[in-house]
There are 2 protein chains.
Amino acid sequence: MEQDTETRIFEAARAVFVEQGFEGARMQEIADRAGINKALLHYYFRSKARLFEAVFRASAAEVLSQAATALRQDQPLPDRLTTFVHTYIDLIRANPHLPAFVLEELRRNPDALKAVVAEHTPGLLDALGRGIEDAVAAGRLRRIDPAHLLAHLIGLCIIPFIARPMLQTATQMDDAAYDAFLEARKEEVSTFIHRALVP
Amino acid sequence: MEQDTETRIFEAARAVFVEQGFEGARMQEIADRAGINKALLHYYFRSKARLFEAVFRASAAEVLSQAATALRQDQPLPDRLTTFVHTYIDLIRANPHLPAFVLEELRRNPDALKAVVAEHTPGLLDALGRGIEDAVAAGRLRRIDPAHLLAHLIGLCIIPFIARPMLQTATQMDDAAYDAFLEARKEEVSTFIHRALVP
DNA sequence: GTCTATAAAGGGATAGAC
DNA sequence: GTCTATCCCTTTATAGAC
């Protein structure tokens, strides 16, 4: 019935780190949520830094692999973009703190993600580039630098999550309205991109 | 020749807080950069929290007021969007750590920005909405929800800064190439938005 | 493996001399 | 106003019993 202790610790740590970041997280809180004491944290994971690293790698890998997979679908590029937008926004809606978590670590330790990025997105840009060229040849797309397209995609998808309090204040939406806004964004972003890329 | 002490402290604090965030910043480091000792920090600003608050309000106000001003220009909306994109990207290029700084504080204390946002962006969305309606009536734009447009604008502009290490790794650009990428992005984002909004 | 108790270090804040 | 010295709390990490 109970998971083994190591898993409980890991899940508690994930929750706390994702919410509070490395600096803000407290080992005591992780221990409390896992229902054990601090000493056991160090027994299973030598230090706070190592525990964090384990959590971060797993979270980053999950996001990157899902995103990269969506971008590699065997579809014409325009359809692939729609798939990506829907997949990515749904993924983050299920874990709304994830982007800020990853971005904060990116700032604290810019090199931390490099290995994970290199591992999960090899040739991603080339695949994107080929998809663009194919679609251009088919007359379905105007040509665009794949690096810019990748940046556009990510920026349009994550901004409502990382800047939520700001956008929600500026637009004076309540939580329900903002939820609807997020849902609507899947279609909005998809059509926005498609229209921007008509030949 | 020397600025007065309070200013030196404030500038040192701004640099450290913007780079490291509240939790990551050390009063000792701020004192070192200001060329004074820790006790003086508390003499001028009672606590770390107050010092941070002063820095944060100033930084947030600067970003928001410049952004809001650009969006209120007395121009047809399509031109205003171009102005905004160029202004905003240039602003952040001069202070590349600013977005992550603001976003981290947004996460640590979601309410902190509300007052500042409310102060600097009153009626911003309405102004944007009127601009859209005017341009739609003139046949220069297709209709779009101003909230989505605002999100698009911000997301497209800040993503290359907050996700820089990730994008730079995925695209394998060196620093010079990434700088060129940022410069090119002003035109790229402008045309991307304009094309997405043709009637 | 799990606990209690405690060491060790870090860092914000203050006292008090000058 | 500015400094040195120090307090004291928080938090990570370890020792050692069970």
Side-chain angles (χ1 to χ4, degrees), chain A residues 1-59 97 100-101 104-105 107-109 111-112, chain B residues 1-59 97 100-102 104-109 111-112:
Chain A
M1 187 148 93
E2 287 191 357
Q3 313 155 285
D4 65 302
T5 307
E6 185 168 346
T7 306
R8 289 227 316 285
I9 292 176
F10 185 86
E11 290 306 327
R14 189 209 295 263
V16 174
F17 279 132
V18 166
E19 276 173 34
Q20 322 265 4
F22 179 79
E23 307 278 2
R26 293 291 163 257
M27 295 293 267
Q28 184 63 60
E29 187 176 351
I30 296 175
D32 290 346
R33 288 214 208 178
I36 47 94
N37 62 7
K38 281 190 297 178
L40 263 196
L41 298 182
H42 291 90
Y43 176 79
Y44 281 99
F45 302 83
R46 269 188 65 76
S47 67
K48 182 182 181 182
R50 282 171 186 266
L51 178 52
F52 178 85
E53 198 187 331
V55 166
F56 181 74
R57 297 183 79 87
S59 300
H97 292 289
F101 170 64
E104 181 185 332
E105 175 59 5
R107 173 179 178 212
R108 207 176 62 91
N109 178 10
D111 294 342
Chain B
M1 187 147 94
E2 288 190 357
Q3 312 156 285
D4 66 302
T5 306
E6 184 167 347
T7 306
R8 290 227 316 285
I9 292 176
F10 185 86
E11 290 306 327
R14 187 207 296 262
V16 174
F17 280 133
V18 166
E19 277 173 34
Q20 323 264 7
F22 179 79
E23 307 278 2
R26 296 288 163 259
M27 296 293 268
Q28 184 62 60
E29 186 176 352
I30 295 174
D32 290 346
R33 289 214 207 177
I36 47 94
N37 61 8
K38 280 191 298 179
L40 263 196
L41 297 182
H42 291 90
Y43 176 79
Y44 281 98
F45 302 84
R46 270 186 65 75
S47 66
K48 183 182 181 183
R50 281 171 187 266
L51 179 51
F52 179 85
E53 198 186 331
V55 166
F56 181 75
R57 296 183 79 88
S59 300
H97 293 288
F101 170 64
V102 173
E104 180 185 332
E105 175 60 4
L106 216 55
R107 173 180 178 212
R108 206 176 63 91
N109 179 10
D111 294 342

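Just so it is clear, the structure is predicted and the values come from calculations on it, not from any experiment. Here is the naming used below: chain letters follow the sequence lines, and residue numbers restart at 1 for every chain.
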Ignoring backbone atoms, establish whether A:Thr5 has a side-chain N or O less than 4.0 Å from OP1 or OP2 of C:dT2.
yes
Please classify the nucleic acid contact of B:Ala31 as base, sugar-phosphate, or nothing, using heavy-atom distances under 4.0 Å.
nothing
Using OP1 and OP2 only, check whether a side-chain N or O of B:Tyr43 sits under 4.0 Å from C:dT14.
no
Protein and nucleotides 7-10 of chain D: nitrogen or oxygen contacts under 3.5 angstrom:
none

Side chains of A:Phe17 and A:His97 in contact at under 4.5 Å (non-hydrogen atoms)
no
Short side-chain N/O contact from B:Ser47 to OP1 or OP2 of C:dG12, under 4.0 Å
no
Distance check needed: C:dT2 P versus A:Phe45 CZ, whole Å only.
12 Å
Under 4.0 Å, heavy atoms only, any strand: does B:Leu41 hit a base, just the sugar-phosphate, or nothing?
nothing
Does the side chain of B:Gln20 reach to within under 4.5 Å of the side chain of B:Glu29, using non-hydrogen atoms?
yes
Rounded to the nearest angstrom, tell me the gap between atom NZ in A:Lys48 and atom C1' in C:dG10.
12 Å
Atom pair distance, as rounded to whole Å: CG in A:Leu40 and P in D:dA17
18 Å
Using atom CD of A:Gln28 as one end and atom C1' of C:dC3 as the other, report the distance to the nearest whole Å.
13 Å
Distances for protein N or O near nucleotides 4-6 of chain D N or O, under 3.5 Å:
none

Given atom CG of B:Leu51 and atom C1' of C:dA13, what is their separation to the nearest angstrom?
13 Å
For C:dA13, take OP1 and OP2 only and decide whether either is under 4.0 Å from a side-chain N or O of B:His42.
yes
What is the minimum heavy-atom distance between B:Lys48 and B:Ala25, and which atoms define it?
NZ-O, 3.0 Å
Residue set satisfying side-chain contact (heavy atoms from CB on, under 4.5 Å) with A:Arg107, at least two apart, ordered chain then number -> B:Ala100, B:Phe101, B:Glu104
Do you know which two heavy atoms are closest between B:Asn37 and B:Ala31, and how far apart they sit?
C-CB, 3.7 Å
Can you list the residues that meet the side-chain contact (heavy atoms from CB on, under 4.5 Å) rule with B:Arg46, with sequence neighbours excluded?
B:Arg50
Distance in Å, A:Ile30 CD1 paired with A:Ile9 CD1, rounded so as to fall on 0.5 Å steps:
9.5 Å
Quick one: side-chain contact (heavy atoms from CB on, under 4.5 Å) partners of A:Ala15, sequence neighbours excluded?
A:Arg33
Would you mind reading off the distance between B:Asp32 atom CG and C:dG12 atom C1', rounded to a whole angstrom?
15 Å
Whole angstrom is fine here: how far is it from CE in A:Met27 over to C1' in D:dA13?
8 Å
Pairs in or reaching into residues 19-48 of chain A: which pass ring pair (Phe, Tyr, Trp, His ring centres under 6.0 Å), with residues at least two apart or in two chains?
A:Phe22-A:Phe52
Using atom CZ of B:Phe52 as one end and atom P of C:dG11 as the other, report the distance to the nearest whole Å.
17 Å
